[in-house]
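One structure below.
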There are 2 protein chains.
Amino acid sequence: MRPVGHCTIGVLSGLSGVGVETIRYYEREGLMPPPARSASGYRMYGPDDRSRLVFVRRARELGFTLDQVRRLLDLADERAGSCQQAQGVAAAQLREIRRKLADLRRMERALNGAVAACSGGTMPRCPLIEALAAA
Amino acid sequence: MRPVGHCTIGVLSGLSGVGVETIRYYEREGLMPPPARSASGYRMYGPDDRSRLVFVRRARELGFTLDQVRRLLDLADERAGSCQQAQGVAAAQLREIRRKLADLRRMERALNGAVAACSGGTMPRCPLIEALAAA
DNA sequence: GGTTGACCCTGTAGGGACTACAGGGTCCAG
DNA sequence: CTGGACCCTGTAGTCCCTACAGGGTCAACC
Ligand SMILES: [Zn+2]
Ligand SMILES: [Zn+2]
Ligand SMILES: [Zn+2]
Ligand SMILES: [Zn+2]
């Protein structure tokens, strides 16, 4: 019942916001199924492919790894008992994001302090450099 | 006038908190100078090497790329008129960190909302999954 | 004096998630 | 019928390490 694919990889790229080379990479990695091919071997995509690819893009934008995206796609395909597992994957990613946020906040504070201490003039010794060198 | 190197790569690794393989990698990449060698070919490091390596580690912890670290090291070596350039490098990195912080905060909000919407039970359709799939 | 075992050496390959060719083939508009 | 935009496969590069593989060296212990 799926309509046969009717757009090329370049058009799909425009529609989904995912680069052409990246789409082919996702296919190699098993995130996107091998699409139908035209007589001359061109990949031909249908609406299902577009939905799936947008799903992947959104998940990547939220920082999920390709492995996590694969798992989420499996769960989305199954459509049964998926909720708890999906929540597990998302919660893990949320923890990871919060860890990175804490790291970046620390980095921001430290670097901001060092940049503020440096006047930007031609002083012989730069407090910015010294902040990195000193104990 | 530099004292001849007197510690091995493993000891330097312990002193600096940088892995042995990473130190050799930094040498290949030109961040660390080729050290003196013992009669049997072991790398022998002195206090200057240790300072330099700690500098690299600190800069990496603040998110500078190896290229940026190279530039900062050059400026630190020159010890003249470096301030403005060092501030430029650091300011660029600070902008980058703030960009990443904004990204992560957006991700955290979105993902937190999705996880909260998902009860974790065995409902037929998971709002978390749908948030990724829907427009 | 021999034998562990921890260390050191070089060189190469892997990882994650792309990205960029190189060297071709296809399609369509002018 | 020709130019240029698209598509194909396959391979190699990016960044920053990390992990071998296959050796050599050194100090301690029995
Ligand atoms: Zn300064
Ligand atoms: Zn759910
Ligand atoms: Zn070409
Ligand atoms: Zn070995």
Side-chain angles (χ1 to χ4, degrees), chain A residues 5-32 34-45 49 52-53 55-73 89 92-93 96-97 100 103 107, chain B residues 5-32 34-46 49 53 55-73 89 92-93 96-97 100 103 107:
Chain A
H6 61 278
C7 88
T8 67
I9 198 170
V11 173
L12 181 67
S13 173
L15 289 173
S16 64
V18 178
V20 166
E21 317 248 22
T22 307
I23 296 172
R24 287 197 280 250
Y25 170 70
Y26 286 165
E27 184 183 333
R28 283 201 299 282
E29 290 299 302
L31 285 147
M32 294 295 292
R37 296 285 183 141
S38 76
S40 60
Y42 283 21
R43 288 173 178 81
M44 300 304 290
Y45 294 98
D49 296 308
R52 193 180 180 88
L53 190 52
F55 185 105
V56 174
R57 179 174 63 72
R58 292 242 172 73
R60 289 289 302 134
E61 283 171 1
L62 289 177
F64 288 99
T65 67
L66 289 194
D67 249 23
Q68 290 174 319
V69 176
R70 245 184 295 265
R71 261 177 290 165
L72 290 175
L73 283 168
V89 174
Q93 173 53 11
E96 181 69 11
I97 286 177
K100 283 186 189 159
D103 279 359
M107 287 159 59
Chain B
H6 61 278
C7 88
T8 66
I9 197 169
V11 173
L12 180 68
S13 172
L15 289 173
S16 64
V18 177
V20 167
E21 317 248 22
T22 306
I23 296 172
R24 288 197 280 248
Y25 170 71
Y26 287 164
E27 183 183 334
R28 281 200 301 282
E29 291 299 302
L31 285 148
M32 294 295 292
R37 297 283 184 142
S38 76
S40 59
Y42 285 20
R43 288 172 179 80
M44 300 305 288
Y45 295 98
D49 297 308
L53 190 52
F55 186 104
V56 174
R57 179 173 64 69
R58 291 244 172 73
R60 290 288 304 134
E61 282 171 1
L62 290 178
F64 288 99
T65 66
L66 290 194
D67 248 24
Q68 290 174 320
V69 176
R70 245 184 295 265
R71 260 178 290 165
L72 290 174
L73 282 168
V89 174
Q93 172 55 9
E96 181 69 13
I97 285 177
K100 283 186 188 161
D103 280 359
M107 287 159 59

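Because the structure is a prediction, the values reported are computed rather than measured. Within every chain, numbering begins at 1; the chains are lettered A, B, ... in the order of the sequence lines, protein sequences first and strands thereafter.
Residue A:Arg24 places at least one side-chain N or O under 4.0 Å from the OP1 or OP2 atom of D:dC8. Regarding contacts with the backbone of D:dT18, a side-chain N or O of B:Thr22 is found under 4.0 angstrom from either OP1 or OP2. For the pair A:Ser40 and C:dC27, the criterion of a side-chain N or O lying under 4.0 Å from OP1 or OP2 is met. Phosphate contact (OP1/OP2 of C:dC18, side-chain N/O of A:Arg60, threshold under 4.0 Å): present. Taking side-chain N and O atoms only, A:Arg43 has a distance below 4.0 Å to OP1 or OP2 of D:dT9. Contact annotation: B:Arg37 side-chain N/O to C:dT10 OP1/OP2 distance is under 4.0 Å.
Using modelled atom types, one side-chain atom of A:Ser13 and one backbone atom of A:Val18 make a donor-acceptor pair closer than 3.5 Å. Judged by distance alone, with hydrogens and angles left aside, the side-chain atoms of A:Arg70 form a donor-acceptor pair with the main-chain N or O of A:Glu29 at under 3.5 Å. With hydrogens and angles ignored, the 3.5 Å screen pairs a side-chain donor or acceptor of B:Arg60 with a backbone N or O of B:Phe64.
Side-chain contact between B:Met44 and B:Arg37 is absent, with no heavy atoms from C-beta onward closer than 4.5 Å.
Protein atom CE of B:Met32 is 13 Å distant from nucleotide atom P of D:dC17, rounded to whole Å. If you measure from atom CZ of A:Arg57 to atom C1' of C:dC18, you get 16 Å, rounded to the nearest angstrom. Atom pair B:Ile23:CD1 and C:dC8:P shows a separation of 9 Å (rounding to whole Å applied). Distance, B:Arg28 CZ to C:dA13 P: 13 Å, rounded to whole Å. Across the protein-nucleic acid pair, A:Glu29 atom CD and C:dG14 atom C1' stand 14 Å apart, rounded to whole Å. Whole-Å rounding puts the B:Ile9 CD1 to C:dC7 P distance at 13 Å. Protein atom CD of A:Glu27 is 14 Å distant from nucleotide atom C1' of D:dG10, rounded to whole Å. Look at CD on B:Glu21: it is 13 Å from C1' on D:dC16, rounded to the nearest Å.
Using a 4.0 Å heavy-atom criterion, one finds that A:Thr65 contacts the sugar-phosphate atoms exclusively. Looking at heavy-atom distances under 4.0 Å, B:Ser38 makes no contact with the nucleic acid at all.
When the nearest nucleotides of DNA chain D are assigned to A:Gly10 and B:Arg70 by heavy-atom distance, the more 5′-ward of the two goes with A:Gly10. Both A:Tyr42 and B:Phe64 lie near DNA chain D, and the one whose nearest nucleotide falls closer to the 5' end is A:Tyr42.
Judged by distance alone, with hydrogens and angles left aside, A:Tyr25 brings no side-chain donor or acceptor close enough to the base of C:dG16 to form a pair under 3.5 Å.
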Take A:Ile9 and A:Tyr42 through the test side-chain contact (heavy atoms from CB on, under 4.5 Å) and record every step on the way to the result. CA-CA 8 Å; A:Ile9 198 170; A:Tyr42 283 21; over 6 Å; no
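Counting only heavy atoms from C-beta on, A:Leu66 has its side chain closest to C:dA17 among C:dA17, D:dC20, D:dC7.
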